Each structure stands twice: as structure tokens, then as C-alpha cells.
**Q** 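Attaching a single structure in C-alpha cells format; questions to follow.
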Amino acid sequence: MVSFFKKKGQMKSKKQKTDEKDQSISKIPQNIDSSIIANLDIVKQKTGSSPDIIIRTLKISQNPQIKTTILYVQGLVDNPSVTDFLIESIMKNPHLKEKVLPHEALEVISKDVVSLGGVETVTDWEKLFLSLLSGDSIIFIDGINKALVASTKGGERRSVQEPSTNSVVRGSREGFTESNATNIALVRRIINSPDLWIESIKIGTVTNTDVSIMYINGIAKKGIVEEVKERLKGINIDSILESGYIEQLIEDQVMTPFPTLDHTERPDKVAGNLLEGRVAIFVNGTPFVLLAPALFIQFFQSVEDYYARFDIASAIRFLRISIFIISLIAPAVYVAAITYHQEMVPTDLLVILAAQRDTVPFPAVIEVFIMEITFEILREASLRMPKAIGATMSIVGALVIGQAVVQAGLVSPAVVIIVSITAIASFATPSYSIAISARLLRFVFIICAGTMGFYGLILALFAVVVHLCSLRSFGVPYMSPLAPLNPEGLGDTFFRRPMWAYKDRPKFLSSNNNLKREGDNQRPLPPKSRGMKTSNMKKGDGTES
């Protein structure tokens with residue numbers, strides 16, 4: 001019994017120590033102290049004496065000696081900037097070897113010594129910790145209640161590589177990285193204009209994530225830019241770990257399977273959308289940049305469409321839209337035709353399908369559900385498995401399981417073919433976001449077709465179209481320029497107009513004061529009309545006629 005109370009007293013004492021420690025952390029003063037020892041105690045107390053926070057103490061001046069301390073976080077700074085420029089310049093400066101006062105040392109270091117960019121003075125702890133944990137170096141001088149912040153951001157970062165999610169045959173091979181500064185620079189290399197404006201804010205009470213918005217002043221509508229700013233400023237959350245956090249917190253409609261913001265890893269796609277009047281949102285720590293507003297037809301477009309001839313690009317774009325429709329309703333059409341509308345199937349084909357389904361114990365809707373769920377399991381497993389065996393497992397698994405279920409008589413061969421075509425079509429959709437929407441809605445259409453046939457399928461399609469027409473993305477109708485109909489904007493929807501016909505920017509995205517994209521008479525003319533001589537080369541003769 002005595003030991004119990006003794007243990008209880010020990011537990012209580014430990015709890016009191018923890019509470020006292022928490023209270024001491026909360027009692028950190030707002031302004032920086034003039035004593036280096038007091039300042040270092042606060043840093044250690046606030047960070048829990050983390051071993052990655054490096055403290056370098058230097059002694060400058062003679063009679064009296066002035067103690068100077070440099071703090072930085074290991075791994076977040078550029079080591080040559082700290083050792084070769086910052087520390088070495090302080091130790092070798094002749095002015096600091098003489099007799100100087102603390103405020104004079106502060107002035108010498110801030111003006112003459114530190115050759116790095118972005119040197120500023122801070123007086124409060126909040127800005128100091130924000131700079132320290134962002135990769136800057138902090139300089140304390142004993143006797144001064146201020147600190148110098150030197151820009152030494154660096155550390156290990158992933159180099160610029162080809163994007164893995166938006167691969168093209170023709171076009172740039174550069175892709176975004178996890179660094180905001182690098183990503184913004186990649187876009188600036190494409191758009192060399194002073195009207196390319198960037199504004200940055202920090203979101204996340206714990207992570208303090210850098211979020212930047214980019215737009216072209218004079219092209220982007222002011223209303224859209226202000227709406228993006230207001231929604232970002234209204235976010236109150238402890239952490240932002242990826243741009244998907246931002247996307248879910250600023251989208252117009254929550255209860256919808258369709259994405260109302262686009263994302264990309266390609267700088268040239270961001271540049272093209274900025275030139276149309278959209279706003280780009282960069283989030284530090286992710287290579288995916290958000291684009292707002294987003295339109296439905298935008299998810300079927302590729303940057304490669306604008307690098308190829310308009311006839312080829314139009315044919316491929318129409319093929320993408322057809323592929324999306326196939327991935328959306330192909331299984332539902334099979335279920336409706338086999339279950340309720342056999343008269344719509346050719347007689348010869350109907351006899352073959354009936355013979356295949358003679359030994360199958362399930363109705364067509366259950367068959368399709370079995371195979372669809374099986375393919376979804378294989379798809380998800382191939383994504384989570386290591387790359388070396390993921391692709392092999394998905395292909396072998398699909399072949400083995402498909403053949404096994406047919407031989408077992410659980411499903412018919414026609415269902416395996418339909419579901420396989422649907423899966424391939426979903427992979428061919430250019431945007432992963434819109435492909436996931438089709439995967440979800442596919443099951444809804446199968447249920448509607450299994451209960452009411454083509455009538456249920458058509459009603460479900462009407463409901464989806466009405467839902468799409470009701471969506472908005474930052475105030476812009478989601479189905480623009482189809483609904484509401486804008487004939488001038490139809491040249492870049494299902495088909496792509498020639499490059500010389502892109503005279504104006506989209507009116508629903510761009511400012512009315514800057515709609516002009518190209519000059520008049522940009523259409524290529526025949527050689528004779530441009531004063532060129534036609535060459536008629538004869539064998540052995542190099543003359544022109």
C-alpha cells in the first residue's frame with residue numbers, strides 16, 4: 001500500500017514537471033533578448049534541444065571580445081553558403097578584428113560582411129523561428145536585442161526531370177520538383193514578361209507551408225484572381241502536406257465526382273493556361289501545380305495538341321472523348337442489351353452470347369460487377385506493389401483470373417472482353433482525375449442499366465449532364481463554352497482550330513481589355529503570293545524557272 005502511494009507520488013511529480021515545462025514554453029517572450037545565453041536557452045527550449053539545429057559560436061573584436069552565435073538547421077541550408085561565405089567572412093573581416101561596439105558589429109556584419117542575398121533584421125521570435133526552420137541562418141550578437149537573418153536556403157533537392165504523369169511524344173521534357181523556387185523559375189523561363197506576377201502566403205499553423213499564386217496581370221480577370229486569394233486566405237488548418245489539401249479546401253462544389261481544379265507537373269501546360277487567363281497555385285513540397293478555374297473539356301486536352309497540326313490534334317482529341325464515353329457506359333450498355341433489349345442485338349451475335357451464358361449461374365449485372373471489382377483490385381494492387389513486379393502482376397493476374405473465371409463458368413467470355421476494353425479505355429484517358437470520376441460513375445450506370453435497362457441508363461446520363469451544367473469553378477460555368485453556348489470558344493473543345501485562327505483569348509477566362517492573341521492575316525499563304533520562285537529542277541540542271 002505504501003509503495004502504491006509512493007508510485008502515485010512519483011507519477012504526480014512527473015506530471016507536474018511536464019506541466020511546468022509546457023508552461024515555460026508558453027511563457028516565451030515575444031521580443032528577442034540582448035543576452036546570447038538567454039536567447040539560446042529559448043531556442044533549445046522551444047525546439048526541444050533538437051540535434052539538427054547547429055550552433056556555432058564566434059568571438060570577434062578585441063578588448064572587449066564580442067560573442068557572436070550563428071544558428072542554422074542541418075539539411076535545410078546550403079553548406080558552402082554558411083561555411084565559405086557567412087562564417088569565413090565574419091572571421092576574416094578586418095573591421096571586426098578591431099575594437100568595436102556591439103551595435104557597430106551588427107552594422108558591419110549586415111552591410112559589409114554578409115555577401116548573401118536577403119539579409120534582414122528581426123526583433124520577435126515568431127519571425128525568427130519561421131526563418132530558421134525555412135533554411136535561413138540566424139546571427140546573434142551579444143548585447144543586441146536583435147538578430148540578423150541571412151538567406152542560406154538549400155539542402156538536398158530532387159533535380160528537374162521528365163514528368164511521369166503527363167508524358168508526351170513532342171514537347172518539353174522538364175517537370176516540376178518539390179521546390180517552389182525551382183517551379184516558379186521553370187515557368188519564368190517560358191514567359192519572359194514583367195506582367196507575370198507572383199504572390200506568396202503561408203498556410204498551416206504548424207507546417208507554415210509556402211503557397212504561391214501566379215497569374216499574368218492584364219490577362220487574368222481581376223475577379224478570378226481576387227476570389228483565389230480570398231479562398232486561400234480563408235484556410236485555417238494546421239498542416240498543408242500536398243496541393244490536394246488546397247484543392248479540397250477551395251473547390252466550389254464538394255458533393256461531385258468531377259474535379260473542379262486541374263493539376264499538372266508540366267511547366268509548359270501551366271504557361272499555356274496562364275496565357276488564357278487562369279491562375280496557377282504552387283505549393284511547396286509537391287510537384288503538382290493547381291490551375292483555376294478548370295473546365296470539363298480541359299481534362300481531355302493535352303499540351304501536345306498544340307504542337308501538332310490541327311487536323312491530327314483534332315482527330316486525337318475526338319478519340320479521347322470517345323474513349324471516355326466507352327469507359328463510362330460500355331459495361332452498362334452490355335447489361336441493358338443482354339437483360340432487357342435483346343431485340344437490339346443482331347440475331348447471330350445474340351445466339352453466340354446466349355450460348356456463352358448458358359452455363360453462367362448469375363445474371364449479366366452480377367457478372368459485370370464481379371469482373372469490374374476484380375479489375376479494380378488488380379489495378380490498385382499494381383499501383384501499390386513495387387514497380388519491378390507491379391506491371392507483371394497486373395498483366396499475368398488479369399490473364400490468369402480472366403481465363404479461370406471463364407473456365408469455372410462464373411462469367412462469360414463476352415463480359416471479360418467488355419470489361420477489358422473498358423479498363424484499357426480508362427487508362428487511355430489523359431487526365432487521371434477525370435478517369436477516376438468515370439470509374440466511380442460506371443458502377444452507378446451498371447446499377448441503373450441492370451434495373452431499368454436503357455431507360456435507366458439514359459436517365460442516369462441526363463442526371464450527370466444536368467449536374468455538370470450546374471457546376472462552377474471559381475464562378476466560371478464548368479461546361480463552358482458548351483453550356484452556356486459560346487460559339488467563339490467552340491474552336492478549342494472537341495476539335496482544335498488551326499494555330500493561325502487563335503485570334504482571341506477565351507472571354508470567360510481573360511480580361512476584356514486584353515483578348516487579342518495574334519495579329520491579322522496569320523494564315524500561311526501559297527509561295528507565289530509571297531513572291532517566292534517555284535523551283536523546277538531538271539536532271540543535271542540546278543537552275544530555277
Side-chain angles (χ1 to χ4, degrees), residues 163-169 175 242-244 247-248 251 253-266 269 273 286-305 313 316-334 368-369 371-385 387 390-391 394-395 397-398 417-447 457 460-461 463-465 467-468 471 473 478-479 482 493-494:
S164 58
T165 57
N166 303 109
S167 58
V168 294
V169 177
E242 213 271 339
S243 58
E247 181 178 359
Q248 297 174 68
E251 59 186 357
Q253 183 68 31
V254 177
M255 302 304 295
T256 177
F258 296 98
T260 54
L261 276 88
D262 194 9
H263 61 266
T264 181
E265 286 186 271
R266 299 190 60 86
K269 182 176 179 179
N273 282 272
T286 175
F288 291 97
V289 175
L290 300 178
L291 296 170
L295 307 179
F296 178 73
I297 197 65
Q298 178 180 341
F299 295 97
F300 302 98
Q301 299 172 353
S302 172
V303 292
E304 201 172 6
D305 294 348
I316 295 175
R317 185 176 293 181
F318 185 76
L319 176 63
R320 293 195 196 108
I321 297 173
S322 303
I323 287 171
F324 175 76
I325 296 174
I326 291 173
S327 67
L328 192 64
I329 65 171
V333 170
Y334 172 81
V368 173
F369 259 107
M371 287 307 300
E372 282 289 346
I373 294 174
T374 303
F375 266 89
E376 291 297 330
I377 293 172
L378 288 172
R379 190 203 308 258
E380 194 66 20
S382 63
L383 289 175
R384 308 305 167 199
M385 294 287 288
K387 290 184 178 180
S394 61
I395 297 173
I417 295 173
I418 293 294
V419 174
S420 300
I421 293 174
T422 305
I424 295 172
S426 65
F427 283 122
T429 305
S431 174
Y432 182 71
S433 301
I434 205 71
I436 292 179
S437 302
R439 287 165 58 183
L440 293 176
L441 291 174
R442 191 186 307 152
F443 289 97
V444 177
F445 289 148
I446 291 172
I447 294 174
L457 178 59
L461 286 172
V464 170
V465 171
H467 175 70
L468 286 171
L471 293 178
S473 179
Y478 193 59
M479 292 299 290
L482 302 173
T493 52
F494 299 108

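Just so you know, residue 1 is the first one in the sequence shown, and it goes up from there. Keep in mind the model is a prediction, meaning the values are calculated, not measured.
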**Q** Under 6.0 Å between the ring centres of Phe443 and Phe369?
**A**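 Yes, ring centres under 6.0 Å apart.
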**Q** Can you tell me how far apart OG (Ser327) and CD1 (Ile424) are? Round to the nearest 0.5 Å.
**A**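 These two atoms lie 12.0 Å from each other.
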**Q** When you compare the side chain of Val333 with that of Phe445, does any pair of heavy atoms fall below 4.5 Å?
**A**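 The answer is no; the side chains never approach within 4.5 Å.
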**Q** With a 4.5 Å cut-off on side-chain heavy atoms, are Ile316 and Glu304 touching?
**A**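 They are not in side-chain contact.
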**Q** Find the distance between CG (Leu295) and CE (Met479) and round it off to the nearest 0.5 Å.
**A**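 If we round to the nearest 0.5 Å, Leu295:CG and Met479:CE are 9.5 Å apart.
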**Q** Roughly how far, to the nearest 0.5 Å, is OG of Ser426 from CZ of Arg442?
**A**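 The distance works out to 5.5 Å.
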**Q** Just say parallel, tilted or perpendicular for the rings of Phe299 and Tyr478, cut-offs at 30° and 60°.
**A**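 The rings of Phe299 and Tyr478 sit tilted, inter-plane angle from 30° to 60°.
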**Q** Which pair of non-hydrogen atoms, one from Thr260 and one from Ala294, has the smallest distance, and what is that distance?
**A**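 In terms of heavy atoms, the two residues are closest at O-CB, 3.5 Å.
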**Q** Test side-chain contact (heavy atoms from CB on, under 4.5 Å) on Phe300 and Ile323; report intermediate values, then the result.
**A** CA-CA 10 Å; Phe300 302 98; Ile323 287 171; over 6 Å; no
**Q** Of all heavy-atom pairs between Thr422 and Ala330, which one has the smallest distance, and what is that distance?
**A**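 Closest heavy-atom pair between Thr422 and Ala330: OG1-CB, 3.7 Å.
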**Q** Please answer whether the main-chain N or O of Gly244 pairs with a side-chain N or O of Gln248 as donor and acceptor at a distance below 3.5 Å.
**A**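 At least one qualifying donor-acceptor pair exists.
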**Q** On the 0 to 90° scale, with breaks at 30° and 60°, tag the Phe288-His263 ring pair as parallel, tilted or perpendicular.
**A**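 Taking His263 first and then Phe288, their aromatic rings stand perpendicular (interplane angle over 60°).
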**Q** Do the numbers put Arg379 on top of the ring of Phe427, so that NZ or CZ is under 6.0 Å from the six-membered ring centre and no more than 45° off the axis?
**A**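 Yes, a cation-pi geometry.
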**Q** Once rounded to the nearest 0.5 Å, what's the spacing between atom CD1 of Ile373 and atom CG of Leu378?
**A**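 If we round to the nearest 0.5 Å, Ile373:CD1 and Leu378:CG are 12.5 Å apart.
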**Q** Decide side-chain contact (heavy atoms from CB on, under 4.5 Å) for Arg266 and Val168; before the verdict, give the C-alpha distance in whole Å, the side-chain angles of both, and the deciding distance to 0.1 Å.
**A** CA-CA 10 Å; Arg266 299 190 60 86; Val168 294; 3.7 Å; yes
**Q** Using 0.5 Å steps for rounding, measure from the OG1 atom of Thr256 to the CG atom of Leu471.
**A**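 With rounding to 0.5 Å, OG1 (Thr256) is 4.5 Å from CG (Leu471).
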**Q** Are the side chains of Lys269 and Asp262 in contact, using a 4.5 Å heavy-atom criterion?
**A**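 In contact.
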**Q** Which pair of heavy atoms, one from Asn166 and one from Glu265, lies closest together, and at what distance?
**A**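 Shortest heavy-atom contact: OD1-N, 3.3 Å.
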**Q** If you take all heavy atoms of Thr493 and Arg317, which pair is closest and at what distance?
**A**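 Result for this residue pair: O-CD, 2.8 Å.
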**Q** Hey, could you give me the CG/CG distance between Leu261 and Leu290, rounded to the nearest 0.5 Å?
**A**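 Between atom CG of Leu261 and atom CG of Leu290 there are 6.0 Å.
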**Q** So do Pro257 and His467 actually touch side chain to side chain, heavy atoms under 4.5 Å?
**A**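 When only atoms from C-beta onward are counted, Pro257 and His467 do touch, with a gap below 4.5 Å.
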**Q** Specify the closest pair of heavy atoms between Gln298 and Pro293, including all atoms of both residues, with the distance to one decimal.
**A**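 What the structure gives for the nearest pair is OE1-O, 3.8 Å.
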**Q** Can you tell if the side chain of Tyr334 reaches within under 4.5 Å of the side chain of Ile417, non-hydrogen atoms only?
**A**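 No - every pair of side-chain heavy atoms lies 4.5 Å or more apart.
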**Q** Side chains of Ile297 and Ile321: does their closest heavy-atom pair fall under 4.5 Å?
**A**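 Contact flag for Ile297/Ile321 side chains = yes.
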**Q** So do the side chains of Gln301 and Pro430 get within less than 4.5 Å of each other, counting heavy atoms only?
**A**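 The answer is no, as the side chains (C-beta and beyond) never meet within the 4.5 Å cut-off.
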**Q** Please step through side-chain contact (heavy atoms from CB on, under 4.5 Å) for the pair Phe296 and Ile434, ending with a clear verdict.
**A** CA-CA 9 Å; Phe296 178 73; Ile434 205 71; 4.0 Å; yes
**Q** Is there a side-chain contact between Val368 and Ile418 in this structure, where contact means two heavy atoms from C-beta onward sitting under 4.5 Å apart?
**A**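 No, too far: nothing below the 4.5 Å cut-off.
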**Q** Nearest heavy-atom pair of Ala313 and Asp305: which atoms, and what distance?
**A**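 Closest approach of Ala313 to Asp305, heavy atoms only: CB-O, 3.2 Å.
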